[in-house]
Amino acid sequence: MSRLPPPDLARVADDLETLASYRDPGAPGWTRRVFSRFDRAGREWVAGRMEQAGLALETDAAANLIGRLPGAAGLPGAIVTGSHTDTVYGGGRYDGIVGVLGAIEAIRCLRQAGAELAHDLVVVDFLGEEPNDFGLSCVGSRAIAGELDAQHLKLVGPEGHNLGEALAACGGQPAALARARWPAGLHCYVELHIEQGPVLEKARVPIGVVTGIVGIRRLVVHITGQPDHAGTTPMGRRRDALLGAAESALAVERLASGGVATVGRLEVRPGAQNVVPAEADLWAEARSAEEGWLDHFERNLTDALGAIGTGRQLGMSLSWISRKSPVPATPWVADAIAEAARSQGIEPLSLASGAGHDASFMAHLGPMGMVFVPSRSGRSHCPEEWTDIDDIGRGIAVLAETVMICDGKAGNAAPRAGGRVEEVAGLDE
Ligand code: GLV
Ligand code: MN
Ligand code: MN
């Protein structure tokens, strides 16, 4: 039996709707991309909600929004929760958002019950979890884990600015980034998130306990050909950068066997119907629960792109923007989540995450676990993304209860990146 009051679903629904109103009206869905004025305004509103819930607020050098509820016993290591409130272009209203607004509601429940935690409880709205215009994801949690480096800050976006400049423009301090880094030794990190896949819905189970998070490798390929007249240049004499990109995309698909890989962005220049494309930039990623598969993909794609460049007389310059290893959840935190679910009368389902999360980086600082709630038809990263408010409420109740259970645990060693993660259900379907 839970000792806590249930979440106020009307209040949570209202919060979700209000945050959804901070959206880019010129873009589809509920777009609120990191570094946009819509994201900045949304996060200012979130800061107000954190304060109203009784959290002491701070914004760090990586522009993470951090709210703290001090613990009674001043024990070392905090219990940390949270997620992100930025979205992909054309995204939905729940990815990341449920983990931030849900954490704020969990704090309200804990405070309403007069629960006195031994550990500090910290809620973070991490900056920019989704891949940004510079090709990098998890900017805020990367910085907290000490993995946002000078090279990352030099990544250049389509407007010619670099990531460091974008960070400064949204309130961060790129020159003082080291200050955003946290020491290892968290009591634990627990993130509530929508599943973004079909497993829970199919199994008709409202709560998932994450066993681990896939590894992700991201790359950009810059392809250089030659601009020529589209009417007078014979087909055999062309050095068409777009055709090189098309062949590269097919190579990514072919090499994805046994994992998943995607080309999600392509830019072609000069971009005129009557000019043979001279340059193309292609952004791609591959994911797997197996580090070895990712190594294999990386080697094979490098070879395949080299062969495409030679065959078509194109310059192919490949850079791997990020390499994130698969991360297993910490068994005692996963057990605490399962116990919390049972306290709500729910037998949870264990599953791996095919989506990336801030939790992957927070796992470098201490024990990590994630609570999943179902996604309708498994849809996500699209306007149709939907999770029923009752399921969100269950997730929040489980999160709050997990915090209570973890607060009473002695703690354990952090998982190490690169460990084994169970196969991701549904990836091969
Ligand atoms: C984050 O949403 C990701 O998995 O790309
Ligand atoms: Mn996402
Ligand atoms: Mn997310």
Side-chain angles (χ1 to χ4, degrees), residues 16 19-20 23 27-34 39 42-43 46 64 81-103 124-142 189-199 208 210 212-219 256 259-265 283-289 294 321-327 351-363 368 370-375 378-387 392 395 399 421 424 426-427:
L16 285 163
L19 187 50
R23 56 177 284 268
W30 281 267
T31 301
R32 192 171 48 253
R33 294 204 66 208
V34 64
D39 189 43
R43 296 174 90 236
V46 171
N64 289 305
T81 183
S83 195
H84 60 98
T85 54
D86 65 312
T87 73
V88 295
Y89 181 84
R93 288 163 287 177
Y94 303 92
D95 173 3
I97 296 153
V98 163
V100 174
L101 298 182
V124 188
D125 180 359
F126 296 100
L127 182 81
E129 189 268 356
E130 303 291 359
N132 52 39
D133 281 345
F134 309 90
L136 199 72
S137 64
C138 296
V139 174
S141 49
R142 224 177 258 274
Y189 175 79
V190 188
E191 179 169 344
L192 169 64
H193 205 282
I194 59 167
E195 182 203 329
Q196 308 183 271
V199 177
V210 172
I213 303 170
V214 284
I216 308 179
R217 305 236 176 144
R218 291 204 167 106
L219 66 142
V260 290
T262 308
V263 175
R265 182 173 159 198
W283 284 260
E285 58 151 62
R287 303 186 187 209
S288 170
L294 293 167
I321 302 172
S322 60
R323 293 182 177 92
K324 184 80 194 80
S325 294
V327 182
L351 76 173
S353 174
H357 298 288
D358 293 303
S360 285
F361 285 93
M362 296 307 286
M368 176 278 285
M370 289 191 77
V371 184
F372 271 0
V373 287
S375 293
R379 305 283 312 276
S380 184
H381 283 181
C382 57
E384 292 79 11
E385 183 175 272
W386 180 267
T387 298
I392 293 172
L399 176 66
V421 175
V424 178
L427 276 188

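All residue numbers refer to positions in the sequence shown, counting from 1. Indexing begins at 1, ligand by ligand and atom by atom, following the structure's order.
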Calculate, to the nearest 0.5 Å, the distance between atoms CG and CZ belonging to Leu219 and Arg323 respectively.
-> 9.5 Å
Tell me whether His357 has at least one N, O or S atom under 2.8 Å from the Mn ion (ligand 3).
-> no
Backbone N/O of Gln196 and side chain of Ser375: donor-acceptor pair under 3.5 Å | yes
Near Ala355 (heavy-atom distance under 4.0 Å), the atoms of ligand 1 are 4 (O)
Contact check, His357 vs ligand 1, heavy-atom distance below 4.0 Å | no
Identify the heavy atoms of Tyr89 and Ala27 that sit nearest to each other, and give their distance.
-> CE1-CB, 3.6 Å
Protein heavy-atom partner closest to atom 2 (O) of ligand 1 - residue, atom, separation in Å | His381 NE2, 2.9 Å
Option nearest atom 4 (O) of ligand 1 (shortest heavy-atom distance, choices Ser360, Gly356, Gly264) = Gly356
Among all protein heavy atoms, pick the one closest to atom 5 (O) of ligand 1 and tell me residue, atom and distance.
-> Arg287 NH2, 2.7 Å
Between Arg287 and Gly354, is there a donor-acceptor pair closer than 3.5 Å when you use the side chain of the first and the backbone of the second?
-> yes
For Glu130, the atoms of ligand 1 under 4.0 Å from one of its heavy atoms are 1 (C), 2 (O)
Candidate pair His357 and Phe372, rule ring-ring contact (aromatic ring centres under 6.0 Å, His included), full reasoning | CA-CA 12 Å; His357 298 288; Phe372 271 0; 5.7 Å; yes
Is the distance from the Mn ion (ligand 2) to the nearest N/O/S atom of His84 under 2.8 Å?
-> no
Any donor and acceptor pair, going by atom type alone, linking the side chain of Arg23 with main-chain N or O of Gly29 inside 3.5 Å?
-> yes
With the Mn ion (ligand 2) at the apex, how many degrees lie between OE2 of Glu130 and OD2 of Asp95, rounded to 10 degrees?
-> 90°
Any sub-3.5 Å donor-acceptor pair from Thr87's side-chain atoms to Arg32's backbone N or O?
-> yes
Decide whether the shortest distance between a heavy atom of Arg218 and an atom of ligand 1 is less than 4.0 Å.
-> yes
